[in-house]
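Just so we're on the same page: letters track the sequence lines, and every chain starts at 1. For the numbers below, each heavy atom of this structure counts, side chains included, while hydrogens, waters and symmetry mates do not.
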Amino acid sequence: MVQFVIKRLFLGIVVLWVLITLTFFILRFLPGGPFDSDKKLPPQVLQNLQKKYRLDLSLEKQYFFYLKDLVFHFDLGPSFKNPDRSINEMIAVSFPISLQLGMCALLIAFLVGIPLGLLAAYHHNTKWDHIFMICAISGVSLPAFLSGSILILIFSKFLSLLPAARWDGLSYMILPALTLGLRPAAIIARLMRGSALEVMDSDYIRTARAKGLSESQVVYKHVLKNSVLPVLTLAGPLSASIITGSFIVELIFAIPGMADYFVDAVFNRDYTLIMGATIVYAFFLISANILVDVLYRFIDSRMQVT
Amino acid sequence: MKKIFRVAFVVFIISFVFLIFINKDKKPTQQNIFRFSITSDPPTLDWSKATDHVSIDLIENIMEGLVQYDEKLQPIPAIAQSWDVSKDGKKYIFYLRKDVTWTDGVALTAHDFEYAWKRLLNPETAAEYAYFLFDVEGAEDFNLGNTKDPNTVGVRALNDSTLEVKLRAPASYFLHIPAFMVTYPMRKDVVEKHEDHWTHPENIITCGPFKLKEWQHKNKITLVKNEKYYDVQPKLEEIHALVVKNDQTAVDLYETGKIDILRKMPPLTIEQYKDHPQYINHPFLRGYYYGFNIEKKPFNDVRVRKAFAHAIDHKVFPEILKGGQIPVTSWVPPGMLGYEPDVGLGFNVELAQNLLKEAGYPDGKGFPKTIAFFDSRDDNKEIAEKLQQIWKENLNVHIDIENQEWKVYLKQLHVDPPPLFRLGWGADFPDPDNFLRLFTSNSGNNNTRWKSSSFDQLIFKAASEMNIQKRLELYKKAQKILLEEDVAIMPLFVESLNYVVKPHVKGLWVNSMERLILKKIWIDQKS
Amino acid sequence: MREVWKRLKKNKLALASFIFILGVLVLAILAPLLSPYSYDVSTGERLLAPFSKGHLLGTDFLERDLLSRLLFGARMSMLVGFATAFCALFFGTSYGALSGYIGGRTDNFLMRIVDIFYTFPSIVLIILVTVIFGRGMFGILLALTLIGWADVSRLVRGQILQTKEEVYVLAAKSVGLSHFQIVLKHILPNIVGPLVVTLTFQIPTAVLGESFLSFIGLGLKPPYASWGTLAHDAWKSGALRYVEYSYLILVPSLAIFSSMLAFNLFGDGLRDALDPKLKRSRS
């Protein structure tokens with residue numbers, strides 16, 4: 001077990017390093033630089049800026065310095081577009097908000113997806129199956145900017161129940177988390193349905209039924225318990241898709257998270273900001289995956305024992 | 001199974017009730033608050049380094065400079081109560097008010113200006129707007145690093161209340177420069193003590209009508225009244241600037257009463273508010289044009305350029321964009337000195353077709369494959385599609401259109417300008433020099449490859465001409481060369497501002513520089 | 001195959017979805033014949049409501065017939081969807097099959113590359129690719145394929161690892177068939193089911209991915225339009241808030257919604273039908 005964890009950690013670090021290197025060099029291949037704008041800077045002003053941000057050095061040197069700062073000081077560097085703040089400061093403020101939003105969305109996704117999938121499986125090939133699945137899949141059938149806007153239209157404009165946008169407390173979280181959770185909810189529902197169908201078809205469920213257990217007991221005790229595990233392992237990869245998927249949601253709900261760093265920073269050629277956001281994202285993702293794998297192994301081994 | 005349904009239903013109802021309950025909004029305790037949206041977190045509040053509108057909007061309300069604009073966008077006294085200009089136009093002496101203090105109670109002096117200007121020019125500051133002061137003697141050399149000695153720069157505090165500025169050449173527009181935020185005074189002790197963090201709310205020291213209270217990054221900025229402000233106290237107690245990047249979201253917030261003004265309206269929203277009493281449409285000093293690379297075929301022939309310009313009916317643009325844009329054939333925009341509506345090539349299909357025929361492409365026959373470039377933005381896309389249609393219909397010429405992401409586009413323009421390209425220009429200061437100097441031979445922003453020494457001479461002569469009437473003559477001549485004789489660019493329209501303001505907001509000054517000056521606004525709680 | 005078809009036919013919803021998809025495809029292919037106008041020419045009438053004379057679905061901001069744009073939009077959206085899904089499937093399958101079949105260190109190495117792809121934020125990847133390769137069809141396809149292939153390769157690898165040890169594969173090996181033949185004839189046919197299912201899920205993902213690209217200003221270049229760009233253009237102009245203009249957004253949204261739903265439901269039905277474990281399923 002310990003060996004397994006160490007191996008996974010080591011691999012994670014290697015993946016992270018390759019990722020940093022790749023991103024660093026790909027970014028520099030993009031045409032245009034951080035200081036190009038419709039008002040072209042006089043060459044000397046541009047030179048001053050490049051000097052300040054070490055952009056006048058050779059690429060290898062820049063890479064070396066970047067890596068050095070990162071490894072020894074956990075310093076992600078200055079932002080080219082936000083001279084008052086470092087990348088560390090920017091991410092420290094925005095990341096927790098994105099994380100909070102993502103967790104809420106994931107929670108909603110599981111709360112919606114698992115029952116829908118389970119019920120659909122239970123009513124396999126009946127009209128209920130279809131209705132539940134249509135409900136679940138509706139969430140992935142519209143681009144997020146539309147589903148979000150529709151929710152705002154209904155809940156804030158017509159019903160005046162929830163605030164239309166911004167991030168100021170619990171009631172502000174509901175609509176964005178719901179919008180963001182629609183997609184993973186559909187994925188979870190579908191997986192849950194498949195998994196439950198398999199379990200229900202297995203022999204021990206038949207035995208359980210034969211033993212005369214009540215339907216609800218069968219469903220709760222056996223079907224749910226046995227089919228939910230593979231669905232739970234989705235949490236890792238799903239949380240990743242949620243964080244990047246939140247760009248549109250954060251935009252239309254005016255949430256001060258970090259998703260726009262991935263997009264705007266590329267358009268602004270704010271190299272250090274893209275790097276910073278990517279590294280934090282990858283780090284988070286790798287850790288989440290390792291955690292899920294370890295937990296899964298742990299649960300799995302215990303199940304085998306019992 | 002039914003039990004699950006029942007439980008789910010109950011949970012649903014409970015959460016619904018819960019929602020209604022927690023959404024009971026606390027009424028704001030203080031009513032004298034103005035709330036508006038900004039499109040991003042301000043990249044910086046350091047006025048030597050700020051370059052974008054959001055930062056400028058905020059800085060303009062927490063700071064003030066030597067001069068400010070009156071309602072006609074002419075410079076009037078602010079911290080400088082008067083000034084003298086030498087006869088040759090190369091020396092300005094500003095006399096400062098003696099009653100101005102910073103928010104920490106320290107008196108403001110001419111040295112604070114000298115420091116701020118030299119900091120802006122210092123290569124180590126790496127300020128993008130350093131070129132704003134290049135008219136000052138020695139400024140360019142210092143910024144370039146040719147000299148390390150800041151004392152060679154022609155700005156000097158003669159005493160605590162007198163600032164002397166020497167120019168390298170007379171500049172008739174110079175008084176506009178100290179109205180811009182990069183020239184505002186700065187506290188040396190504060191900046192040097194906190195370095196990059198001096199703009200944080202706990203450190204920043206300012207002298208404008210409001211001061212920075214709280215800065216929640218990417219979320220909200222709170223300004224409060226500055227009790228120590230030297231002039232008439234502002235009427236607002238607080239200002240909340242909410243970060244809302246998306247225009248649609250801003251509309252939602254306006255319509256649900258969370259912000260008091262809407263400054264960027266989607267086209268259909270404009271249509272809806274068109275006849276509303278609180279709707280404001282105001283010209284904005286930003287020109288939109290298509291330029292030719294006059295070295296590239298087929299636009300190396302001036303007749304083709306003229307034909308393209310004559311084929312355009314300018315009045316279609318406001319119809320498409322729905323924002324009250326002002327169609328123009330001339331370049332200096334309305335609202336600015338030197339606006340000449342009659343200059344430029346007007347809509348004349350017959351003439352256009354003849355010109356194209358003369359150039360060797362009768363009815364568009366044999367016209368080479370040509371691509372017009374623009375940067376990916378929705379309104380640019382609509383305009384480009386419309387132009388494509390216009391040239392097809394009026395000249396029977398097919399122009400391909402191609403868009404690029406903004407930075408890629410800029411790179412392309414600077415390295416190898418496409419035969420036909422879109423660009424815009426927003427005024428740095430409301431003087432025609434700013435709009436026309438753009439197309440002089442040495443301008444870094446002239447992407448047309450068009451160079452005209454007679455045009456250059458007119459512009460430079462106008463800059464040192466103090467008589468307004470004579471300046472206007474010179475600018476008119478220059479515009480004729482640019483737009484009628486050589487047709488290096490085709491201006492299409494001048495953009496306009498579209499605002500809706502809540503009826504309780506009084507005293508808003510809407511101006512063509514898009515400045516949001518809040519010191520005179522008040523909230524009428526009765527309406 | 002027949003077995004599958006029989007089971008699929010029983011699932012009315014999946015069958016209806018399948019017919020719907022076929023319908024959309026026919027419309028997309030016949031768009032030039034069916035459209036009353038060209039998709040990029042102005043008709044001289046701006047923002048006409050639906051059911052106006054001559055314009056069944058009205059006209060848009062630039063005076064273009066919305067029905068024609070919708071039909072041509074179907075063409076573009078389906079092209080993006082199918083092309084991306086096939087590219088992702090082809091590349092992902094080859095990669096996953098190679099990795100899983102060879103196994104050992106090579107497998108390990110190849111899978112680490114997939115890991116790297118996974119850890120790279122897909123949003124940054126899409127933007128980088130479209131910025132570098134421009135907004136043409138190629139850039140968009142490449143970007144969307146790059147996101148899709150990793151999933152497929154993992155799936156295929158997993159399946160191959162499972163089937164590799166099955167009796168019939170071992171038997172085939174002992175008979176002396178070449179590796180290529182084994183993979184092609186004995187392993188792939190057994191995983192073709194999951195692959196087709198993946199395909200039906202990749203298509204809607206790609207179509208929505210393209211709409212995301214339009215959202216950030218990197219969608220198809222004008223005057224071409226996909227459903228995504230149609231919906232986004234209308235959304236951006238604020239059409240959703242005003243009843244009289246809502247058709248601008250409702251028309252493309254409904255098109256997207258119904259076809260994405262159809263693809264997903266068909267995929268689900270197909271998976272059910274293909275799953276041999278459910279053969280005895282109660283129905």
(message) Counting heavy-atom pairs under 4.5 Å with chain B, which one of Asp260(A), Asn82(A), Asp84(A) comes out on top?
(response) Asp84(A)
(message) Report which part of Gln50(A) has an atom under 4.5 Å of a heavy atom belonging to chain B: side chain, backbone, both, or neither.
(response) neither
(request) Give, as side chain, backbone, both or neither, the part of Leu144(B) having an atom under 4.5 angstrom from any heavy atom of chain A. (result) both
(message) Which one wins on heavy-atom pair count under 4.5 Å against chain A: Asp46(B), Leu253(B), Asn447(B)?
(response) Leu253(B)
(request) Identify the two heavy atoms, one from Ala196(A) and one from Leu118(A), that lie closest to each other, and give their separation to 0.1 Å. (result) CB-CD1, 4.0 Å
(request) With a 4.5 angstrom heavy-atom cut-off, could you sort out which part of Leu251(A) is near chain B: side chain, backbone, both or neither? (result) both
(request) For chain B, find which of Ile255(A), Asp168(A), Leu153(A), Asp264(A) contributes the most heavy-atom pairs closer than 4.5 angstrom. (result) Asp264(A)
(request) Measure Val93(A) against the heavy atoms of chain B and call it side chain, backbone, both or neither at under 4.5 Å. (result) side chain
(message) At a heavy-atom distance under 4.5 Å, which candidate from Tyr53(A), Trp167(A), Phe267(A) has the highest pair count against chain B?
(response) Phe267(A)
(message) Using heavy-atom distances under 4.5 Å, tell me whether Trp425(B) contacts chain A through its side chain, its backbone, both, or neither.
(response) side chain
(message) Counting only non-hydrogen atoms closer than 4.5 Å, does Asp428(B) touch chain A with its backbone (N, CA, C, O), its side chain (CB onward), both, or neither?
(response) both
(message) Taking side chain as everything from C-beta outward and backbone as N, CA, C, O, which of these in Pro43(A) sits under 4.5 Å from a heavy atom of chain B? Side chain, backbone, both or neither.
(response) neither
(request) Indicate whether any N or O donor in one side chain lies under 3.5 Å from an N or O acceptor in the other, for Asn403(B) and Tyr409(B). (result) no
(message) Has Lys81(A) got a side-chain atom pairing as donor or acceptor with Pro34(A)'s backbone, closer than 3.5 angstrom?
(response) yes
(message) Taking the ring of His197(B) and the ring of His194(B), is the distance between their centroids below 6.0 Å?
(response) no
(message) Looking at Arg168(B) and Phe134(B), would you say the former's side chain and the latter's main chain have a donor-acceptor pair under 3.5 Å?
(response) yes
(message) Taking the six-membered ring for Trp, are Tyr129(B) and Phe180(B) closer than 6.0 Å centroid to centroid?
(response) yes
(request) Under 4.5 Å heavy-atom distance to chain A, tell me which part of Glu255(B) shows up: side chain, backbone, both or neither. (result) side chain
(message) Any non-hydrogen side-chain atom of Phe421(B) less than 4.5 Å from a side-chain atom of Gln412(B)?
(response) no
(request) Measure Ala127(B) against the heavy atoms of chain A and call it side chain, backbone, both or neither at under 4.5 Å. (result) backbone
(message) If you count heavy-atom pairs within less than 4.5 Å of chain B, which of Pro83(A), Ala254(A), Ala164(A), Ala165(A) leads?
(response) Pro83(A)
(request) Consider only side-chain N and O atoms of Trp215(B) and Asp41(B), and report whether a donor and an acceptor are under 3.5 Å apart. (result) yes
(message) Which atoms of Phe35(A) are under 4.5 Å from chain B, going by heavy atoms: the side chain, the backbone, both sets, or neither?
(response) both
(request) Could you verify whether a donor N or O on one side chain and an acceptor N or O on the other, from Asn446(B) and Thr448(B), lie under 3.5 Å apart? (result) yes
(message) Quick one, Ile221(B) and Leu212(B) - any side-chain contact, counting heavy atoms below 4.5 Å?
(response) yes
(request) State, to 0.1 Å, how close Asn219(B) and Pro256(A) come at their nearest heavy-atom pair, and which atoms those are. (result) CB-CG, 3.9 Å
(request) Test the Arg269(A)-Phe80(A) pair against the cation-pi criterion, namely NZ or CZ under 6.0 angstrom from the six-membered ring centroid and within 45° of the ring axis. (result) no
(message) Looking at every non-hydrogen atom in both residues, tell me the closest pair between Asn143(B) and Val45(A) and how far apart they are.
(response) OD1-CG2, 3.3 Å
(message) Report which part of Glu128(B) has an atom under 4.5 Å of a heavy atom belonging to chain A: side chain, backbone, both, or neither.
(response) both
(message) Just so I understand: if I count every heavy-atom pair under 4.5 Å between each of Leu242(B), Thr256(B), Leu423(B) and chain A, which residue has the most?
(response) Leu242(B)
(request) Please flag which part of Ser79(A) lies under 4.5 Å from any non-hydrogen atom of chain B: side chain, backbone, both or neither. (result) neither
(message) Counting heavy-atom pairs under 4.5 Å with chain A, which one of Thr125(B), Leu438(B), Thr249(B) comes out on top?
(response) Thr249(B)
(message) What part of Val243(B) gets within 4.5 angstrom of chain A, counting heavy atoms only: side chain, backbone, both, or neither?
(response) backbone
(message) I'd like to know which of Lys51(A), Lys157(A), Arg85(A), Lys52(A) tops the heavy-atom pair count under 4.5 Å against chain B.
(response) Arg85(A)
